[in-house]
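Keep in mind that this is a model prediction, so the values were computed, not measured. Letters A, B, ... mirror the listed sequences (proteins, then strands); counts begin at 1.
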There are 2 protein chains.
Amino acid sequence: MSRARSLAPEAGRPRMTDIARIAGVSVATVSRALAGSPRVTEETRERVAAAVRDTGYVVNRMARSLRLQEARQILVLVPNIANPFHAAVLLGAEEAAVAAGFHVLIGNTAGDPARAEDHARQLLTGAVDGMLILGGALPETLKAPALRRRLVAVIERIVTSGVPVVEIDNQAGGREATRHLIGLGHRRIGHIGGSLPTTATPKRFQGYADALAEAGLALEPELVRYGTFSIPTGTEQMAALLALPQPPTAVFCGSDEIAIGAIRAIKQAGLQVPDDISIVGFDNIYFAAAYDPPLTTIDQPARQLGHAAMRLLADRLAGLDGPKRGVTVPYSLIIRGSTAAPKG
Amino acid sequence: MSRARSLAPEAGRPRMTDIARIAGVSVATVSRALAGSPRVTEETRERVAAAVRDTGYVVNRMARSLRLQEARQILVLVPNIANPFHAAVLLGAEEAAVAAGFHVLIGNTAGDPARAEDHARQLLTGAVDGMLILGGALPETLKAPALRRRLVAVIERIVTSGVPVVEIDNQAGGREATRHLIGLGHRRIGHIGGSLPTTATPKRFQGYADALAEAGLALEPELVRYGTFSIPTGTEQMAALLALPQPPTAVFCGSDEIAIGAIRAIKQAGLQVPDDISIVGFDNIYFAAAYDPPLTTIDQPARQLGHAAMRLLADRLAGLDGPKRGVTVPYSLIIRGSTAAPKG
DNA sequence: TTGAAAGCGCTAACAT
DNA sequence: ATGTTAGCGCTTTCAA
């Protein structure tokens with residue numbers, strides 16, 4: 001069949017038997033030499049190494065994986081790689097994977113459960129040894145308890161799944177963002193949250209509520225809005241806040257994208273940030289620092305989160321038992337130009 | 001060895017022989033039934049399907065790949081996944097890959113040739129059937145002519161390599177961006193380009209020069225600056241342009257990030273965009289539309305580029321011979337708020 | 001220290 | 001239409 005022919009490796013690619021023949025030993029010895037087994041003479045090892053050099057031999061991963069029953073590959077399930085925040089998580093995950101001797105496959109789900117299922121099946125085919133899940137949703141395929149040890153969630157907790165998660169303390173983050181505003185002297189503070197079905201959104205809101213409470217400030221329901229983690233949500237909800245008889249003087253946004261949208265709405269209304277209204281974002285995406293004004297935000301260290309999650313997964317696959325519930329990575333408040341004391 | 005044990009599949013995972021036994025046929029028949037071969041009775045096919053359903057059987061990809069001598073995996077070599085533009089290319093590539101029955105592995109090089117070599121070796125191990133290269137640099141490992149048919153470059157041409165490339169017409173893009181400025185009435189137009197070692201940068205400059213020439217405008221060397229595709233380059237070079245005795249009234253930037261940096265420098269100098277100076281970017285990254293002012297830019301359709309590149313690669317791997325040199329994807333000028341007619 | 005041989009799970013030629 | 005069988009290229013007992 002033509003496809004098989006064309007995908008077949010180049011004719012001359014050497015196999016382990018070739019190396020064995022050239023070095024004048026058996027394949028078993030070549031395999032041992034390559035694996036660095038101590039039970040091989042220095043001289044034999046050298047002869048094998050020479051044959052490998054001469055031929056440019058590289059072990060065949062398929063054969064090796066079939067024999068070893070491990071692919072040394074991890075699949076990262078991500079809702080949208082084009083999201084810079086997800087991409088940064090992926091970056092950290094890839095780094096940690098390479099360090100642990102794994103390669104990473106990406107599975108973009110585009111929020112489509114069917115695509116997630118397709119990718120999840122990779123775990124069953126043996127093509128990947130484990131999966132990192134960014135969406136907060138566990139594909140049906142992976143619900144078998146036996147698969148649990150092969151999964152780790154990042155950023156978003158997968159509720160009632162028993163899958164460990166690597167995340168920041170979203171509630172504390174929301175609290176700190178709001179405290180910052182309160183510390184600046186704001187008393188009428190709004191909140192625009194992201195998607196409600198996530199676990200991060202209610203936690204950030206809770207932190208906001210905590211900070212208000214500890215400062216003796218009333219929580220005014222009309223100042224709390226939700227939508228999605230997007231620029232349009234920021235624009236729309238901020239416009240709604242601005243239309244209030246008594247608009248807030250500061251708003252804690254559930255993401256930097258929401259914050260950017262909110263700032264646009266404020267500018268469109270002829271007002272200034274932070275002069276008229278202060279804005280705090282969340283995530284500290286790449287563009288947060290470049291925006292006008294530069295965003296004050298909670299830094300959610302995407303790369304470290306990805307890194308830590310992959311390390312945890314690699315450990316679990318290696319049979320080490322680490323933290324059952326997952327790990328919490330520190331966040332930090334980054335104060336830039338979008339917040340200031342209220343006027344007057 | 002403990003790692004082998006822990007990575008081993010769950011005890012109960014069925015193999016094809018199990019299905020054969022349950023369905024009361026041979027493995028060959030199961031294989032045929034699963035492959036949809038016409039030489040299987042409808043009744044047999046049904047029995048096999050039932051056994052598969054009952055057991056939750058999934059074929060083992062390692063065994064299949066070893067036998068077929070194809071991994072159905074593609075590695076995408078990318079300098080930096082966290083770069084939103086690269087991420088968008090990756091997104092398109094992943095979509096096309098899935099459509100063609102491939103899975104995609106990411107290889108982040110972080111601009112490090114050693115890491116690129118490591119990833120490139122994947123092709124030799126048989127773990128991947130082909131590679132998409134985003135960096136413009138060909139790892140030594142891949143220089144063998146026999147590997148050529150397994151490679152496709154995206155965005156950046158790999159000079160003198162014979163590797164087909166999927167890109168836009170950068171020169172035409174630069175020309176159109178500059179013509180737009182000229183059409184607005186600007187006569188003193190600067191250019192801040194990205195990295196000079198790339199092929200895109202000189203091409204975009206050439207387009208700029210073309211447009212100037214066709215309008216009878218002199219090319220003033222002091223108005224042309226280079227750096228990297230980054231915000232700092234935009235800020236620094238724009239500041240230098242502003243310090244000129246007679247600064248330009250418009251600047252064509254080699255990327256949106258450069259444009260954003262340039263706008264910051266202009267604002268810092270107490271001037272306005274587009275009132276005092278017009279700015280055109282390049283790429284149309286996600287944040288281009290959200291910036292203040294929204295960027296006029298050349299849209300380089302990252303996702304389509306990735307998509308087209310992966311399609312081309314899949315075709316080549318399938319033995320189809322398509323365009324030897326690669327394919328050119330259309331760009332477009334997006335006019336937003338960062339450009340206007342010059343004052344006075 | 002090294003070699004012979006079994007077998008990982010599958011597909012496909014060959015035989016029936 | 002179905003079964004038997006030979007590998008794909010490797011690692012790892014088991015023997016020597």
Next on the checklist: Taking side-chain hydrogen bond (donor to acceptor under 3.5 Å, both in side chains) as the cut-off, I'd like each qualifying pair that reaches into residues 153-167 of chain A, sequence neighbours left out, listed once.
Outcome noted: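 Listed by first then second residue: A:Glu156-A:Thr199, A:Arg157-A:Glu167.
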
Checklist entry - Any side-chain donor paired with an acceptor under 3.5 Å for A:Gln73 and A:Gln122? => result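 On atom types as modelled, these side chains do not qualify, holding no pair under 3.5 Å.
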
Item to check | Exercise: do A:Arg311 and A:His307 side chains pair donor with acceptor under 3.5 Å | outcome: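 Indeed, the side chains of A:Arg311 and A:His307 share at least one donor-acceptor pair under 3.5 Å.
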
Checklist outcome for this item: Sorted by number, residues from residues 47-58 of chain A placing a heavy atom under 4.0 Å from DNA chain D are A:Tyr57

Take the protein atom [atom1] of [X] and the nucleotide atom [atom2] of [N], then report the distance between them rounded to whole Å.
X: A:Arg15; N: D:dG9; atom1: CZ; atom2: P; value: 4 Å
X: B:Asp18; N: C:dC10; atom1: CG; atom2: C1'; value: 13 Å
X: B:Asn60; N: C:dC10; atom1: CG; atom2: C1'; value: 8 Å
X: B:Arg64; N: D:dG7; atom1: CZ; atom2: P; value: 21 Å
X: A:Glu70; N: D:dG9; atom1: CD; atom2: P; value: 20 Å
X: A:Met62; N: D:dG9; atom1: CE; atom2: P; value: 13 Å
X: B:Gln69; N: D:dA6; atom1: CD; atom2: P; value: 19 Å
X: B:Leu124; N: D:dG9; atom1: CG; atom2: C1'; value: 16 Å

Next on the checklist: In the structure I gave you, are the side-chain heavy atoms of A:Arg316 and A:Asp321 within less than 4.5 Å of one another anywhere?
Outcome noted: no

Checklist entry - Side chains of A:Ile81 and A:His86: does their closest heavy-atom pair fall under 4.5 Å? => result no

Checklist entry - Has the side chain of B:Thr44 got a donor or acceptor atom that lies under 3.5 Å from a matching backbone atom of B:Val40? => result no

Checklist entry - Distance-only, no hydrogens or angles: does the A:Arg325 side chain make a donor-acceptor pair with backbone N or O of A:Val165 under 3.5 Å? => result no

Next on the checklist: Could you go through A:Phe102 and A:Leu313, starting from their C-alpha distance and side-chain angles, then the distance that decides it, and tell me whether this counts as side chain to side chain contact (heavy atoms under 4.5 Å, CB included)?
Outcome noted: CA-CA 11 Å; A:Phe102 286 94; A:Leu313 180 54; over 6 Å; no

Checklist entry - Which one, D:dG9, D:dC10, C:dC10, comes nearest to the side chain of A:Met16? => result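 For the A:Met16 side chain, the nearest candidate turns out to be D:dC10.
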
Nucleotides 2-5 of chain D: which of its N/O atoms have a protein N/O under 3.5 Å away?
| residue | atom | partner | partner atom | Å |
| --- | --- | --- | --- | --- |
| D:dT2 | OP1 | B:Thr41 | OG1 | 2.8 |
| D:dT2 | OP1 | B:Thr44 | OG1 | 2.4 |
| D:dT2 | OP2 | B:Thr41 | N | 2.8 |
| D:dT2 | OP2 | B:Thr41 | OG1 | 2.8 |
| D:dT2 | OP2 | B:Thr44 | OG1 | 3.2 |
| D:dT2 | O4 | B:Arg39 | NH2 | 3.1 |
| D:dG3 | OP2 | B:Ser26 | N | 2.7 |
| D:dG3 | OP2 | B:Ser26 | OG | 3.1 |
| D:dG3 | OP2 | B:Thr29 | OG1 | 2.7 |
| D:dG3 | N7 | B:Arg32 | NH2 | 3.3 |
| D:dG3 | O6 | B:Arg32 | NH2 | 2.3 |

Checklist outcome for this item: Minimal heavy-atom distance between A:Ala153 and A:Val163, with the atoms involved, is N-CG1, 3.7 Å

